[in-house]
Every structure is written in structure tokens, then in C-alpha cells.
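Reckoned from all heavy atoms, side chains included, excluding hydrogens, waters and symmetry mates. What you see is a predicted model, and the numbers here were worked out from it, not measured in a lab.
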Amino acid sequence: MAEKAPLCVFFVLLVSTSARAIRPAIPVAAVARRAALENGLGRTPQMGWNSWNHFHCKINEEIIKQMADAMVENGLSKLGYEYINIDDCWAAHDRDSQVPDLQQVDARMMAIADKNDKWASYAGPGGWNDPDMLEVGNGGMTTEEYRSHFSIWALVKVWAGPLSGGRVAMILWNRGSTEASITASWSSIGLNASTVADAHDLWTDEVISSVQGELKKPVDSYACKMYVVTPK
């Protein structure tokens, strides 16, 4: 038996080497992307205010400053809404190296832009679905429709998604013209049927305690209910 050992070792090494040889190589781009995702940047989608849907081309320095101040005063900046996006109509029609685009923007805003510019080449470690801009507050919809729009946008057009700590974000959305009773079973949102959980309504702040197996609620026409489900 001792004489056969070298042959056995050779066979094991040969099989191991062959297995590595036929394994598909990871593309260089995929390796680079994975490394970028681990750098801690861009973990969440960029959130902020966009000028286009409400103001179109009717923008000026004062409007932009008012919107920035409102985001701070209303607490939105603390929740992650940190960007001011001047969507269009900021560029001069005729320009050269001596004619800046933002003629109405003062030196302080330009200085901020200059500081951000040096980090531009490091942007984009991840990618996000693009549900486009929210229409909340622009008119034409009811309060319930606005809530539906915001809630669905927050989940990026899926009806449930995992959160930290084993929690699940979930939407019950009624797309019909009359009130409907909607049921979400635990199995459909990634929880065991036996799980006991609290359901926190994010719009009313109501907490439904010790729910098991499913959550069933009446939902008004074109309205939604959004919950964070926390297993006990």
C-alpha cells in the first residue's frame, strides 16, 4: 500500500488541477466592480430635489436656494435627501471659455461645485434601478395617490424587500377603482408562516402587534399601506 501512495497523490493533484482549469474565469470587469462595491461608497440611491417636473426652465438662483433651505428646514437632508439637481435650462446657448453656464449662481455655489468636482471620477461603485422623479406635490393626484407613488418608489417597484435585522418592508397597493381587501402572506415576503411579528404602518405610525402568518387590510382605491414587519 505504501508503494501506491505517490500514484494516489498524483491522481488527486491532477483532478484538482483539472477542476480549476475548467472553472470559468471571473471577468476582470466583474472583479473591479466587486472591489468598488466594497469601498463603502454609494450604498444607497442618490436622493434629493429635482427642478424639472415643477419649474421646467423657469429657474433662477433664488428658487434653487429656497429649495435647498426647505430641504434642511423640513428635516429631509437628515433623512438622506442631500442633492440639488438643476435638471435642465442651466446651460448658456452661446458659450466659450469666458462665458460660464451658471451666470446667476453666486461664487459660494460655484465653490461647492468645485469641491464636488474632484470626487467625480470616484462615483458609481454600484447601480440602482431608476424609477424616475417623484410627482408628489406637483398637482393632479390625490393624497392617497401621492402616498402610493412615494411608497412604491421607496421600494423601487417591488412589493416587499428585506431590511436589516431580519425586518421586511412591504406594500399593500390597491390599483383598482374601489376599496379592496388585500392579504400579504408571510411566505410571499420571505418569512416563515409560523413567524410572529409586529407590523408598523409607516404612514399612520400605527403598530399592529403579534401578527402571525399573514397581514390582511382594507385599502382605499388607488391607495396603499406600507409596513415594516419586524419578527419577534
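The line from CE of M67 to CG of N85 is 14.0 Å long, rounded to the nearest 0.5 Å. Between atom SG of residue C224 and atom CG of residue N174 there is a gap of 10.0 Å, rounded to the nearest 0.5 Å. Taking CZ of R147 as the start and OG1 of T142 as the end, the distance is 9.5 Å to the nearest 0.5 Å. To the nearest 0.5 Å, atoms OG1 (T178) and CG (D220) are separated by 10.0 Å. Atom CZ of residue F55 and atom CG of residue N50 lie 11.0 Å apart, to the nearest 0.5 angstrom. Between S148 atom OG and K225 atom NZ the span is 10.5 Å, to the nearest 0.5 Å.
Residues D88 and S51 share a closest heavy-atom pair of N-OG, 4.5 Å. Closest heavy-atom contact between S221 and G176: OG-O, 2.9 Å. Across every non-hydrogen atom of M71 and G48, the tightest pair is CE-CA, 4.1 Å. Between I64 and W49, the closest heavy-atom pair is CD1-CZ3, 3.9 Å. Of all heavy-atom pairs between E145 and G140, the closest is OE1-O, 4.5 Å. Minimum interatomic distance between L191 and G166 (heavy atoms only, all atoms of both residues): CD2-O, 4.4 Å.
In the hydrophobic clustering of ILVMFWY residues, with side-chain heavy atoms under 4.5 Å counting as a link, V211 and I182 come out together. Residues V196 and V228 fall into different hydrophobic clusters, defined by Ile, Leu, Val, Met, Phe, Trp and Tyr side chains chained together at heavy-atom separations under 4.5 Å. Grouping the Ile, Leu, Val, Met, Phe, Trp and Tyr side chains by contacts below 4.5 angstrom, directly or via other members, places V72 apart from L79. Taken together through direct or relayed side-chain contacts under 4.5 Å among Ile, Leu, Val, Met, Phe, Trp and Tyr, I171 and F150 form part of one hydrophobic cluster. Put simply, V136 and Y81 are part of the same group of oily side chains (I, L, V, M, F, W, Y) that touch within less than 4.5 Å, one to the next.
Side-chain contact between L215 and M170: present, with at least one pair of heavy atoms (C-beta onward) separated by less than 4.5 Å. Contact check for W186 versus S194: no side-chain heavy atoms found under the 4.5 Å cut-off. P218 places a side-chain heavy atom less than 4.5 Å from the side chain of E179. At a threshold of 4.5 Å between non-hydrogen side-chain atoms, the residues K217 and Y227 count as touching. Contact annotation: the side chain of H149 approaches that of M141 to within less than 4.5 Å [non-hydrogen atoms, C-beta and beyond].
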Anything under 3.5 Å between a donor and an acceptor, one on a side chain of residues 200-209, the other on a protein residue two or more places apart or in another chain? List them.
residue	atom	partner	partner atom	Å
H200	NE2	D205	OD1	2.7
D201	OD1	W203	N	2.9
D201	OD1	T204	N	3.1
D201	OD2	T204	OG1	3.3
W203	NE1	S151	OG	2.8
T204	OG1	E206	N	3.2

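Atom NZ of K58 is surrounded by 12 or fewer heavy atoms from other residues, nucleotides or ligands within 6.0 Å.
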Candidate pair R167 and V229, rule side chain to side chain contact (heavy atoms under 4.5 Å, CB included), full reasoning: CA-CA 6 Å; R167 301 171 301 158; V229 179; over 6 Å; no

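The main-chain N or O of I63 is found under 3.5 Å from a side-chain atom of N60 such that the two form a donor-acceptor pair.
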